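This one's a predicted model, so the numbers in the text were calculated from it and none came from an experiment. Counting convention: from 1, in listed order, for ligands and their atoms alike.
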Amino acid sequence: MTAFPEIEKIRYEGPGSRNPFAFRYYDENEVVEGKSMKDHLRFSVVYWHTMRGGGADPFGPATAVRPWEDGTDSVENAINRVRVFFEIVEKLGAPYYAFHDRDVAPEGKTLSESNANLDRVVAALKEEQQRTGIKLLWGTANLFSNPRFMHGAATSCNADAFAYAASQVKKAMEATLELGGEGYVFWGGREGYQCLWNTDMKREIDHLARFMHMAVDYAKEIGFTGQFYFEPKPKEPTKHQYDFDAAACINFLRCYGLEDHIKLNLETNHATLAGHTMQHEIEYAGSQGFLGSIDANTGDLLLGWDTDQFPTDIYLTTQCMHAILKYGGLNPGGVNFDAKVRRESFEPIDLLHAHIGGMDAFARGLKIAAAIRADGRLAEIVRDRYASWDSGLGAEIEAGKHDFKSLEAAMLAQGEITPNKSGRQEMIENLINTYL
Ligand code: XUL
Ligand code: CO
């Protein structure tokens with residue numbers, strides 16, 4: 001079936017267009033900094049929110065109307081859903097998608113039944129990829145919904161839960177390989193704690209590292225050469241997740257010798273839950289060589305949970321794209337819309353409006369960020385701000401030519417530091433606004 005017979009492929013019509021089913025900024029062929037927008041942004045649509053999100057919240061059940069669903073948890077229904085999903089991604093003109101094992105195929109009564117269900121759906125995903133040319137940005141496994149993972153998966157106190165999770169990741173990696181996936185994501189799910197009195201934190205974190213090493217080893221064994229990502233999230237559903245933020249994840253990866261194998265998949269709403277901005281997370285990961293991919297969404301600052309809204313704020317997308325361009329872009333990563341329509345936006349067409357808006361917001365962010373960079377005034381201000389490090393004492397310190405004693409001697413001789421200059425924050429913020 002076709003879910004949107006009345007909607008053609010969404011096309012670029014320019015900023016003046018009044019057509020809600022057109023892009024006003026995302027022109028996939030437009031070249032920005034020597035690369036097409038399509039190659040810069042590498043947009044990806046997620047299966048879980050788009051096809052499996054119904055709008056349930058802690059106060060009420062799903063509201064979404066999805067005429068293609070037959071109401072069963074059958075493999076047939078799952079395969080039909082795959083067809084609808086590819087129609088959506090194709091109409092949006094997004095080159096990538098992402099999924100969890102359990103989003104695409106129903107969990108069976110046994111592990112082998114679940115694996116067989118997944119195989120059948122993967123065959124349909126493969127057919128649709130071949131038909132449309134749409135590619136898999138990354139795959140992952142859902143290690144948090146089933147009650148067996150109530151204490152976590154790789155960090156569970158129950159060794160069998162660890163083993164079951166390993167079996168699931170093994171299979172999800174095989175599915176990702178089969179589909180030519182360009183990456184594989186670990187998001188902690190329930191890898192954290194609710195109460196420290198009953199938690200052996202050291203043991204749990206050691207287990208998480210062992211789990212990831214097993215995945216890295218298995219990738220080598222089966223010839224999966226895609227990029228692994230670790231996705232920070234500070235809390236929810238647990239009180240504390242071990243993948244708290246970029247800094248905590250990088251520390252973990254380096255500490256356990258995983259730094260050559262795993263980069264980060266950063267998500268905006270997770271950044272804000274951690275008390276950071278997404279710009280901070282991208283800057284931190286980028287500066288440490290761990291920028292991999294992003295889950296593009298946004299939270300509601302008036303709500304304390306992960307609302308996973310579509311990003312529409314141009315200032316936010318400008319900050320993201322400025323930091324991304326600074327660190328060389330996303331590849332093999334992408335801009336993955338880990339976002340869902342609001343519970344009140346229950347009609348299928350809202351899925352298109354949401355993605356069109358997100359894609360346009362990121363296209364604008366990209367263009368504005370490129371304009372800031374081309375103009376060069378911001379970079380010049382930052383360069384000037386650090387000019388004391390380019391010659392004299394600063395350059396000598398950076399070159400490793402000093403120690404505490406020689407620096408003390410220099411300051412004793414000088415008596416006081418060269419006067420500080422203003423940080424000019426307000427002037428810079430005004431400057432940024434001139435590009436918007
Ligand atoms: C949950 C979340 C996940 C990961 C993949 O907050 O972001 O959907 O992106 O497991
Ligand atoms: Co995510």
Please verify the inter-ring angle class for [X] with [Y]; under 30° counts as parallel, over 60° as perpendicular, anything in between as tilted.
| X | Y | result |
| --- | --- | --- |
| F86 | Y97 | perpendicular |
| F252 | Y256 | tilted |
| F186 | F228 | parallel |

How does [X] reach ligand 1, by side chain, by backbone, by both or by neither, if only non-hydrogen atoms under 4.0 Å count?
| X | answer |
| --- | --- |
| N269 | neither |
| E231 | side chain |
| D306 | side chain |

Test the R364-Y25 pair against the cation-pi criterion, namely NZ or CZ under 6.0 angstrom from the six-membered ring centroid and within 45° of the ring axis.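 Ring-cation test returns yes.
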Here the atoms of ligand 1 under 4.0 Å from any heavy atom belonging to H100 are 5 (C), 8 (O), 10 (O)
For ligand 1, which atoms sit closer than 4.0 Å to a heavy atom of D295?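 Close to D295: 9 (O).
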Tell me if the aromatic rings of H100 and Y47 count as close, with their centers under 6.0 Å from one another. no
Could you check whether any side-chain heavy atom of L41 comes within less than 4.5 Å of a side-chain heavy atom of M321, counting everything from C-beta outward?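 A side-chain contact under 4.5 Å exists here.
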Examine [X] against ligand 1 and note whether any of their N/O atoms are separated by less than 3.5 Å.
| X | result |
| --- | --- |
| D338 | yes |
| W187 | no |
| W138 | no |

Between N265, L266, D243, which is the residue that forms a side-chain contact (heavy atoms from CB on, under 4.5 Å) with C249?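 Exactly one option meets the side-chain contact (heavy atoms from CB on, under 4.5 Å) with C249, and it is D243.
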Count the heavy atoms of every other residue, nucleotide or ligand shown that sit under 6.0 Å from NE2 of H151, and state whether that count exceeds 12.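 Counting other residues, nucleotides and ligands, NE2 of H151 stays at 12 neighbours or fewer.
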Check this for me, if you would: do R377 and E380 make a salt bridge, where the nitrogen-to-carboxylate-oxygen distance has to be below 4.0 angstrom? no
Any atom of ligand 1 sitting under 4.0 Å from a heavy atom of H49? no
Supply the atom-to-atom distance L253 CG to I250 CD1, rounded to the nearest 0.5 angstrom. 7.5 Å
The protein N, O or S atoms lying under 2.8 Å from the Co ion (ligand 2) are E231 OE2, E267 OE1, D295 OD2, D338 OD2
